[in-house]
Number of protein chains: 2
Amino acid sequence: MRRNLRPHTPMLRLTKKADYGLMALKYLAEQAYLAEQAGSDARNSGARSAKDIAEAYHIPPQLLAKILQTLARAGLLLSHAGTNGGYALARAAADISAFEVIRAIDGPLFITSCITIHGTCDLAGHCTIKEPLRKVNDSITDLLSGISVADLIEPADQLPAPMAGGLISIER
Amino acid sequence: MRRNLRPHTPMLRLTKKADYGLMALKYLAEQAYLAEQAGSDARNSGARSAKDIAEAYHIPPQLLAKILQTLARAGLLLSHAGTNGGYALARAAADISAFEVIRAIDGPLFITSCITIHGTCDLAGHCTIKEPLRKVNDSITDLLSGISVADLIEPADQLPAPMAGGLISIER
DNA sequence: CAATCTCCGACCACTTTGGTCTTGCTTCCA
DNA sequence: TGGAAGCAAGACCAAAGTGGTCGGAGATTG
Ligand code: FES
Ligand code: FES
């Protein structure tokens, strides 16, 4: 009867912004690939406006614009203002890892709520949990670092072997 | 100059509640081990009240109580009301994985903000991001599943080989 | 019966997230 | 030489999630 139908209860989730960012990167990577194939001029190869990308994925244009600005500030994208401006990848798609994108948008990710930058938690001393958890954190970082936006453009295919280290060990 | 000193900007973090839950489990595991060593009676072996645990780690007692209740409801803990009551592990420490604890407290964890329960996202169709990301998600799940609360009690030592599969591959 | 302890839901303050709007600036081109 | 198209950078806001508190009800022991 009550509307307590468990709204979502998600956790350890990626923010929607990071999701949008990844989508945009993927889109740009595809465009860059197509432009290169078509042999168009080096300039404006695959550059697309924020509005175009937003429309392609039906995401709020203004929000995407802000995300793209963040990415540009982080050095992952090149922006070009003006009439035929837009955004383009700053590097090759294979050289941009998902980890960089997520960190640029959501900030440094740490799985434990205590580890700040140098492990000095206010609970240090009476909590020995953080050390094993940090290993998990590092593993996730490695995992995300091993995935490039180039790996995202072919969803149906498996990721054969284009990644640096496919295997991640728990003990770092 | 500006006070934009980046308050925390954390992401992909574990909730503090899950952290507390893990700490409590670790504590209970230690107590159970000690009780077993001392050869005390089988009953009340390692059972501790919520207040005791809260004091041991300096965490808000009422909050910890609620977390323990959640854990008990999930079947990870046994609760015993009454004068000398308290909580005890429902299973052996080695049989309780960190993944179970986290899921019991924070709900099902999905790294993408779209995957709900059966992948049908409102953006499905014009977003091919979720498939690679789901692999990451599965890898994290496996990673967490391979860590038991027994692995937490010895932080200094490495985790030698007590886990099911120490190596996690990106392609599941 | 009384003390102790778990159980359960309501409640609150605060932070984060997703999203909009406004204002300004740069580049291109008609 | 203007616009128009596009980025840049804020303030701003509503909704949701998080951390934490409170108070009563029920169980267990002595
Ligand atoms: S919560 Fe900070 S060390 Fe465990
Ligand atoms: S955000 Fe749902 S499929 Fe990409």
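We name chains A, B, ... by the order of the sequence lines, and we start the count at 1 in each one. Since the structure is predicted, the reported quantities are computational estimates derived from the model, not experimental observations.
- One atom, CD1 of A:Ile59, and another, P of C:dG18, lie 12 Å apart when rounded to the nearest Å.
- Not one side-chain nitrogen or oxygen of A:Ser49 sits closer than 4.0 Å to the OP1 or OP2 atom of D:dC7.
- Counting only heavy atoms from C-beta on, A:Gln69 has its side chain closest to D:dA8 among C:dG19, D:dA8, D:dT21.
- The side chain of B:Ala81 sits closest to D:dG26 out of D:dG19, D:dG26, D:dG30.
- Here C:dG18 presents its C1' atom at 19 Å from NE2 of A:His58, a figure rounded to the nearest Å.
- Going from atom CG of B:Leu77 over to atom C1' of C:dC7 covers 14 Å, rounded to whole Å.
- The distance between atom CG of B:Leu68 and atom P of C:dC8, rounded to the nearest whole Å, is 13 Å.
- Position along DNA chain D of the nearest nucleotide to B:Gln62 versus A:Gly86 favours A:Gly86 as the more 5'-ward residue.
- When the side-chain nitrogen and oxygen atoms of B:His80 are compared with OP1 and OP2 of D:dT29, one or more of them lie within a distance under 4.0 Å.
- Proximity of a side-chain donor or acceptor of B:Arg91 to a complementary backbone N or O of B:Asp95 within less than 3.5 Å is detected.
- The phosphate of C:dC8 (OP1 or OP2) has a side-chain N or O of B:Arg73 nearer than 4.0 angstrom.
- Nucleic acid contact for A:Ala72: none, since no nucleic acid atom lies under 4.0 Å from a heavy atom of the residue.
- Look at NZ on B:Lys66: it is 13 Å from P on C:dC11, rounded to the nearest Å.
- At distances below 3.5 Å, at least one donor-acceptor pair connects side-chain atoms of A:Glu100 with backbone N or O atoms of A:Ser97.
- As a whole-Å value, the separation of B:Lys17 NZ from C:dC14 C1' is 13 Å.
- Partner A:Leu25 forms a side-chain contact (heavy atoms from CB on, under 4.5 Å) with one of A:Leu152, A:Leu77, A:Leu68, A:Ile53 and no other, that one being A:Leu77.
- The shortest distance between side-chain heavy atoms of B:Thr70 and B:Arg73 falls below 4.5 Å.
- Of the side-chain N and O atoms in A:Arg48, none sit less than 4.0 angstrom from OP1 or OP2 of D:dG6.
- A donor-acceptor pair under 3.5 Å is formed between the side chain of B:Asp151 and the backbone N or O of B:Ser148.
- In this structure, of C:dC7, D:dC7, D:dG20, it is D:dG20 that holds the atom nearest to the side chain of B:Lys16.
- Listed nucleotides: D:dG20, C:dT20, C:dG18. Nearest to the side chain of A:Thr15: C:dG18.
- Atom CG of B:Leu64 is separated from atom C1' of C:dC7 by 15 Å (rounded to the nearest Å).
- When heavy atoms are screened at a 4.0 angstrom cut-off, B:Ala50 is found touching the sugar-phosphate backbone but no base atom.
- Between A:Ala65 and A:Tyr87 the shortest heavy-atom distance is O-OH, 4.2 Å.
- Across the protein-nucleic acid pair, A:Ile67 atom CD1 and D:dA8 atom C1' stand 15 Å apart, rounded to whole Å.
- Distances shown here put a side-chain N or O of B:Tyr87 below 4.0 Å from the OP1 or OP2 atom of C:dC7.
- Side-chain atoms of A:Ser79 lie closest to D:dA8 of the nucleotides D:dA8, D:dA5, D:dG20.
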